[in-house]
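Step one of this worksheet: look at the structure below.
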Amino acid sequence: MLDMKVLREQPEVIRANLEKRGDTARIPVLENAMRWDRDWREGQRELDHLRHQRNVVTGEIRELKAAGRDAGAKIREAAELPERIRSLEARVDEIQRNLRDAMLRIPNLLHESVPKGATEEDNLEVRRWGKPKAPAFELKGHAELAEALGIADFERGRKAAGAGFVYLLGDLARLDQALLRFGTDFLVKRGFTPVFPPHALRRSAYEGMVDLTAFEEVMYKVEGEDLFLIATSEHPLGAMFMDEILDADRLPLKFAGVATQFRKEIGAHGVDTKGLFRMHQFNKVEQFVFCRPEESWRIHEELQKNTEDFYKALGIPFRVVTLCSGDTGKVAAKTYDMEAWFPRQNAYREVGSNSNCTDYQARRLNIRGGKAGGEKFLVHTLNNTLVATSRCMVAILENFQRADGTVTVPKVLRAYMGGLSKVGEKQGRATKRKSPHRRTRRGES
RNA sequence: GCGGGGAUGGCCCAGCUCGGUAAGGCGCUGGAUUGCUAAUCCAGUCCUCGAAAGAGGUCGGGGGUUCAAAUCCCCCUCCCCGCGCCA
């Protein structure tokens, strides 16, 4: 949510921002917000005046009674006030709800460096690293390859849980864990605190982070419980400190969220949609920072460097783009997308996203910094994917694929895989061997 | 799931039986004082409106009773302890 001060004092800034985002459809929302704000302040003043009257009269009644004198006349005078107060309260509440709803629909102010544009075509390339290698043989799609190697079973994933779920097996299960562990250690060395957060949040907590009316259809809800499975660890990490005051001396707080995420997004989006690229469930190491307002832009670059260094360590070519105004999410003031090279698609594709949300999330979550009893300020929040293992594994399976159908394990990951340097040797039985495992009577522990 | 106890300002806690408009402590900030850290004293410490003076709100949430609700009545949520179940 934006600062009400901006709405009152510089509405033209908000309007220009909507125009830059290409979201002129929302200009009426802004105009309504301005009107409701005026109405609200007017109504509130009137209400305060009535309440003041009531307080004065009840004070008089109390004094008369304390002095043992008759308060009947004053009580009759006071008796008509509650109804007037109640009806005005109802009206003021409604105006305030309208105002808040409108404010929640107005997106964050973009940073001046965000290029103007409508779609991802207009995103601005910032830099490239690494040379995509032209393969000397025909590459297999990662899903086909992984199935052939027996390290992923999409079919049984569908049988047991539906499309979008998979059984990772053998070396691929290890590779997933290796990425998580390498990623965690990588961020710990850079001063981040690892967090394994709750994987479900109640509605009230979730609503602090996102507009559930818009997101509910892509979220998994637990039946019969007030719980939603998390779509990214950004959500539990933000909710972690809502309504709190963070000690200014301890900022910035840098967290490495390690979690499994659940999203219902499906649908066909281009080539190789089968496979790990777009899943209902995947693992991720996420950078999340709470900081002072004046340091957020420096930290935004720092988080970006972390992700780039991570991909350099793996040896995967990438490019970085600044999202244009039309492609930037509602809560972000500026976003960089990390795009890894996918040789099968002969293209750079998104593997992570780095946003400075300035004080937009913090205002809604009511997360402030400062000293208890001292000056307080809204913190800035930033989040950046370090690695989403699903997409990163696709990049590894494609970029490091060898002619013999095996895949080279990036050097930095080998220590996390018992020294393994190649994936795919002496496997391929798992999908063929049918082992009729019996259930034990009370379930295995 | 059953039983019991709770939710009060940044934190701890009083007030609730008996309605009269949140006491006290800790922490923090500023000031005074003493040759230092300390101690002591004073003021401040949440949200909203307002240029300010000031006013209003706030006792887990929502209803109700009343001139007046932290306090009385009804409904709900969450937390803690014990029991049950159980990785």
Legend entry - SB check R202(A) E225(A) (cutoff 4.0 Å): no

Inset, instruction - Assign D226(A) to base, sugar-phosphate, or nothing according to its heavy-atom contacts below 4.0 angstrom with the strands shown. - result: nothing

Inset, instruction - Please check the phosphate of rG56(B) (OP1 and OP2 only) for any side-chain N or O of H52(A) closer than 4.0 Å. - result: yes

Legend entry - C1' gap between rC59(B) and rA7(B), integer Å: 10 Å

Legend entry - K254(A) charged N/C atom sitting above F288(A) aromatic ring, 6.0 Å / 45°: no

Inset, instruction - Could you state the atom-to-atom distance from CD of E46(A) to C1' of rC49(B) in whole Å? - result: 14 Å

Inset, instruction - Starting from P on rG64(B), measure out to CD on E89(A) and report it in whole angstrom. - result: 10 Å

Legend entry - Side-chain N,O (R202(A)) to OP1/OP2 (rC79(B)) below 4.0 Å: yes

Inset, instruction - Name the pairing partner of rC16(B), where a pair is Watson-Crick or G-U wobble with both distances under 3.5 Å, or state none. - result: none

Inset, instruction - Using whole Å, report how far CD1 of I367(A) lies from P of rC46(B). - result: 19 Å

Inset, instruction - Using the P atom on both, measure rC49(B) against rG82(B) and round to a whole Å. - result: 46 Å

Inset, instruction - Please report, rounded to the nearest Å, how far the P atom of rC47(B) is from the CG atom of D48(A). - result: 17 Å

Legend entry - Separation between CG of L323(A) and CD of E350(A), rounded to the nearest 0.5 Å: 7.5 Å

Inset, instruction - Rounded to the nearest angstrom, tell me the gap between atom CG in D37(A) and atom P in rG50(B). - result: 8 Å

Legend entry - N or O in side chain of N366(A) less than 4.0 angstrom from rC47(B) OP1/OP2: no

Inset, instruction - Please state the P separation for the pair rG9(B) and rA14(B) - nearest whole angstrom. - result: 13 Å

Inset, instruction - Could you tell me which nucleotide pairs with rA39(B) by Watson-Crick or G-U wobble geometry, both distances under 3.5 Å, or answer none if nothing does? - result: none

Legend entry - Any-strand Watson-Crick or G-U partner of rG54(B), both distances under 3.5 Å: rC49(B)

Inset, instruction - Write down the distance between CG (N55(A)) and P (rG19(B)), rounded to a whole number of angstrom. - result: 20 Å

Inset, instruction - Rounded to whole angstrom, note down the P distance from rG60(B) over to rG56(B). - result: 22 Å

Legend entry - Base-pairing mate for rU77(B) - Watson-Crick or G-U, with both contacts under 3.5 Å: rA7(B)

Inset, instruction - For rA22(B), give its Watson-Crick or G-U wobble partner with both distances under 3.5 Å, or none. - result: none

Legend entry - OP1 or OP2 of rC47(B) under 4.0 Å from side-chain N/O of R368(A): yes

Legend entry - Pairwise P distance for rA69(B) and rU17(B), with rounding to whole Å: 15 Å

Inset, instruction - Just compare rU48(B), rA68(B), rG57(B) and give me whichever is closest to any side-chain atom of W40(A). - result: rU48(B)

Legend entry - Base partner of rG82(B), which must satisfy Watson-Crick or wobble distances under 3.5 Å: rC2(B)

Inset, instruction - Output the single nucleotide from rC49(B), rG10(B), rG20(B) whose closest atom is nearest the side chain of I245(A). - result: rG10(B)

Legend entry - Assigned partner base of rC28(B), Watson-Crick or wobble definition, under 3.5 Å: rG44(B)

Inset, instruction - Could you work out which one of rG20(B), rC49(B), rG56(B) sits closest to the side chain of R51(A)? - result: rG56(B)

Inset, instruction - Would you verify whether the NZ or CZ of R391(A) falls within 45 degrees of the ring axis of F277(A) while also being under 6.0 Å from that six-membered ring's centre? - result: yes

Inset, instruction - Rounded to whole angstrom, note down the C1' distance from rG20(B) over to rC72(B). - result: 14 Å

Inset, instruction - Verify the distance criterion only: is there a donor paired with an acceptor across the side chains of E301(A) and Y336(A) at less than 3.5 Å? - result: yes

Inset, instruction - Could you give the distance separating rC13(B) and rG30(B) at their P atoms, to the nearest angstrom? - result: 28 Å

Inset, instruction - Once you apply the 3.5 Å cut-off to both distances, tell me the Watson-Crick or G-U wobble partner of rU71(B), or none. - result: none

Inset, instruction - Rounded off to whole Å, could you give me the CZ-to-P distance for the R100(A) and rU48(B) pair? - result: 13 Å

Legend entry - Basic-acidic side-chain contact under 4.0 Å: D247(A), R250(A): no

Inset, instruction - Remember a base hit wins even if backbone is also touched, and classify R54(A) as base, sugar-phosphate or nothing at under 4.0 Å, heavy atoms. - result: sugar-phosphate

Inset, instruction - For nucleotides rA68(B) and rC80(B), find the distance between their P atoms and express it as a whole number of Å. - result: 38 Å

Inset, instruction - Calculate the interatomic distance between R45(A) atom CZ and rG57(B) atom C1'; express it in whole Å. - result: 16 Å

Inset, instruction - Have a look at K65(A) and say if it touches a base, only the backbone sugar-phosphate, or nothing, with a 4.0 Å heavy-atom cut-off. - result: base

Legend entry - Carboxylate-amine/guanidinium contact R84(A) E46(A), below 4.0 Å: no

